[in-house]
Amino acid sequence: MTAHDCEHEPEIETDPETTERENGEPNGTSTGAGPILVPNRILETDAIEPGVVTLLSRARVVLLGYHELPEQTAPGQARLQFEDRAQNRLDELAESLELAGATVETRLVFTHDREQTLNRVADETNCVGTLLPNPSMRLENVLVPLRGERSIEQVAGLVGDLLAGLDVSVTLYHLERGDERASAAVLERGRQVLTARGVDPELIETRTETSHTPVRAIVQTAEAFDAVVMGESDPGVMTFVFGQTAAEVAERFRGPVVVVRRRGNEGGPADEPIVPVDRADDSAE
Amino acid sequence: MDDRSIADSDDPPATNVEGDRPVVEASTETEDATVHEEGTELERTISLAGGLSIGVGTMIGAGIFVFPGLAAGQAGPAAALSFAIGAVIALLVALPASELATAMPRSGGGYYFISRGLGTVYGTVVGLGLWLGLVFASAFYLVGFGHYAAAVLAEIGLSLSINPAVPLGVVFGALLTGLSVTGTERAAAVQNVVVALLLVILSIFLGYGGLDSLGVFGTESTPERFAPFGAMPVISTAALVFTSYLGFAQVATVAGEIERPSRNLPLAMIGSVVVVGLFYVTTIFVATSAFPSADLETFGETAMVEVARAFFGLPGAVAILVAGLLATVSSANASILSSSRAVYALSKDALLPRRASEINLRYGTPHVALGLAGVPILLLTATGQVELLAEVASFLHLVMYGLLCVALLVLRRDPPEWYDPDFRTPGYPFVPVVGALASFSLIAFMDFRSIAIGIAVMIVSIGWYLVYADELSLKGQI
């Protein structure tokens with residue numbers, strides 16, 4: 001069932017116009033990569049970890065400070081009590097990112113429902129990805145698991161924009177499903193996108209693996225890396241933020257994970273995950 | 001676009017005796033959030049289903065599971081008419097309330113509309129009345145719960161020397177208050193499921209019972225005179241059971257958190273009144289068809305259990321017992337939470353000390369406000385006076401409903417700049433005028449003691465206003 005997804009991949013043409021369009025905003029040089037949504041539980045976040053700061057140093061960041069409340073509490077009530085503290089904290093976090101070179105827009109939201117808030121803010125700001133700011137002391141290498149053809153442009157494109165000019169190595173990663181040529185084509189295409197975005201070819205590595213338990217394979221491989229950037233795997237409204245595979249990786253990987261959002265109006269079978277999520281298998285470890 | 005900017009008034013408001021000012025909020029309402037001037041956003045997270053569930057969940061506990069026996073005892077089969085009268089009055093108020101809520105989708109509900117439409121003194125009376133009205137209502141639901149819990153004990157053959165209804169109500173009230181302070185994760189989701197479950201149980205029960213009463217299944221029902229006690233008891237019963245219709249206004253107390261308020265607030269308020277009204281009238285019809293009203297009266301608060309037993313035997317009785325427990329708990333819980341919202345709204349406007357809306361740092365809940373609801377609820381539950389509690393709750397709400405209709409008339413006549421409701425009351429000015437008259441006149445049919453207590457609460461409220469906050473001006477502010 002997955003093989004046919006790979007079949008049409010080698011036909012992808014390198015077309016800079018398409019690449020620009022696929023990646024969203026018309027990229028002026030000053031705009032940077034993104035925007036990327038960076039949610040923080042604002043009253044419980046003291047600082048953004050250095051590795052995350054590096055990862056975002058070339059990005060446009062929508063820094064979302066949120067405070068989630070129990071239903072008994074009116075959001076306005078929490079605002080009365082916590083707004084100043086939350087706003088100060090948010091300004092500090094924004095400053096640390098700006099010092100590193102990022103462009104930062106801040107949002108402060110009091111909510112009963114974190115997921116809903118993340119979705120709304122990501123939609124309103126047209127974010128191309130969401131970063132789970134797990135701790136990361138440094139950023140030397142990034143793992144980029146790739147899937148289908150469309151997500152290559154988006155995922156690798158974003159990685160290229162984020163890391164171009166930085167001394168951070170990128171490992172493109174593909175789970176092979178019995179078709180070496182298809183895997184090679186995906187990885188080659190990813191490499192082209194990265195190079196086109198200005199990543200030093202010396203810093204790009206590729207890797208294929210065969211596994212029927214993608215989440216476990218990705219998480220195991222990611223152990224050796226400082227961050228993961230990957231595409232969202234299914235469009236469910238409720239699980240949008242991280243999708244299925246991405247959600248599980250994000251849950252198990254200790255470092256920061258950037259989940260590249262699926263484009264709103266595309267979809268269709270070509271963007272289905274190449275690697276099916278096999279939860280039963282995964283949880284059996 | 002549905003956004004509208006709401007401007008500040010230029011005059012700095014005066015302070016209360018503690019030197020606090022009302023928190024004036026310059027904000028923009030969108031479909032998904034309230035955005036304050038400084039950029040802070042408050043997410044709207046309650047869907048239409050959630051709003052309906054607050055309305056229906058608050059109301060259904062009383063009308064179906066507590067009142068049928070009492071109401072039939074007073075008015076005979078015409079108690080169905082009493083419930084219908086209540087529904088009409090509730091609708092006459094729900095329409096103006098919907099207009100005000102879409103014009104001011106802020107937390108605080110009736111209090112907010114009246115303090116802005118009519119001024120601080122009316123606001124104080126209604127605000128404190130809303131808080132205490134919900135306290136009385138909660139206590140009433142908890143006593144009802146106690147009766148159901150006691151009936152469960154009786155059903156499983158546990159006999160006690162004293163009637164355990166009131167102690168059980170008090171214990172459970174303490175438990176609910178405790179849970180609301182320590183944080184009930186996903187309580188709203190549970191509430192939605194409970195309400196859906198209740199509606200399913202009731203639909204099956206009433207559907208079958210209704211058809212049976214109409215003679216579809218062959219057993220001709222008891223013929224009894226429709227209004228054996230005349231017209232007067234029908235209206236006084238309407239006054240008594242009006243407590244069953246207090247829930248729709250609770251939707252407005254969380255108006256600031258409802259998604260797409262311009263559409264969902266009117267739908268939730270009017271929809272929940274229509275839904276529960278239909279259920280109530282059918283319930284009384286079925287109950288009075290199954291038993292003579294004198295028998296229903298002797299069954300008391302748990303009369304519906306006997307009605308269900310008559311139709312479905314033991315399983316029916318068990319189903320209604322369980323439903324009754326769920327319904328009364330859900331009503332009590334919703335009222336406790338609404339009551340704490342009322343306290344917050346007053347405290348934000350400096351009509352109560354700021355401390356009252358303080359949030360507990362450990363649980364993130366408004367512990368003072370919840371305590372201000374919970375403690376008096378326990379005291380009142382301990383009295384065990386079902387009818388008195390119900391009537392005082394109705395009294396305090398009816399005052400608010402009447403004033404709410406008046407506030408609509410005042411605001412329409414001389415609308416402030418920001419007044420731009422998405423929902424407009426049909427039949428204006430007929431609906432709010434009749435709504436106000438009906439609300440106030442229903443009070444006259446109440447028991448003397450209830451009226452006395454209600455008036456005492458209002459006098460104390462006015463006293464509080466004079467002592468604490470008589471310099472504040474909230475009229476026209478937003």
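Naming: A, B, ... by sequence-line order, numbering from 1 per chain.
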Exercise. Does the pair B/Ile359 and A/Gln77 meet the rule for a side-chain contact (heavy atoms from CB on, under 4.5 Å), with working shown?
Worked result: CA-CA 8 Å; B/Ile359 293 173; A/Gln77 203 164 352; 4.2 Å; yes
Problem set entry | Spacing of CZ belonging to A/Arg120 relative to CD belonging to B/Glu259, to within rounding of 0.5 Å | 10.5 Å
For this session: Start with the C-alpha distance between B/Glu257 and A/Glu71, add both sets of side-chain angles, then the distance that settles side-chain contact (heavy atoms from CB on, under 4.5 Å), and finish with yes or no.
Result: CA-CA 10 Å; B/Glu257 294 153 53; A/Glu71 291 146 0; over 6 Å; no
Exercise. Quick one: what part of A/Glu83 sits under 4.5 Å from any heavy atom of chain B, side chain, backbone, both or neither?
Worked result: side chain
Exercise. So which part of A/Phe82 gets closer than 4.5 Å to some heavy atom of chain B, the side chain, the backbone, both or neither?
Worked result: side chain
For this session: Could you check if a side-chain atom of B/Glu43 sits within less than 4.5 angstrom of a side-chain atom of A/Pro75, using non-hydrogen atoms only?
Result: no
For this session: Tell me, for B/Arg44 versus chain A, whether the close heavy atoms (under 4.5 Å) come from the side chain, the backbone, both or neither.
Result: backbone
Exercise. Can you tell me if CZ on B/Arg355 sees more than 12 non-hydrogen neighbours from other groups inside 6.0 Å?
Worked result: no
Seminar exercise, completed: Exactly one candidate in A/Glu115, A/Arg114, A/His112 meets side-chain hydrogen bond (donor to acceptor under 3.5 Å, both in side chains) with B/Thr45; the answer is A/His112
For this session: Sort A/Gln81 into side chain, backbone, both or neither according to what part of it lies under 4.5 angstrom from a heavy atom of chain B.
Result: side chain
For this session: Compare all side-chain heavy atoms of B/Glu41 with those of A/Leu108 and state whether any distance is below 4.5 angstrom.
Result: no
Problem set entry | Option that, when pairs with chain A are counted at under 4.5 Å, heavy atom only, ranks first among B/Ile46, B/Thr34, B/Thr40 | B/Thr40
Problem set entry | Heavy-atom neighbours of A/Glu105 CD exceed 12 at 6.0 Å | yes
Exercise. Can you check side-chain contact (heavy atoms from CB on, under 4.5 Å) on B/Tyr344 and A/Thr73, steps first, answer last?
Worked result: CA-CA 9 Å; B/Tyr344 155 59; A/Thr73 313; over 6 Å; no
Exercise. Looking just at side-chain N and O atoms, do A/Gln72 and B/Ser180 make a donor-acceptor pair shorter than 3.5 Å?
Worked result: no
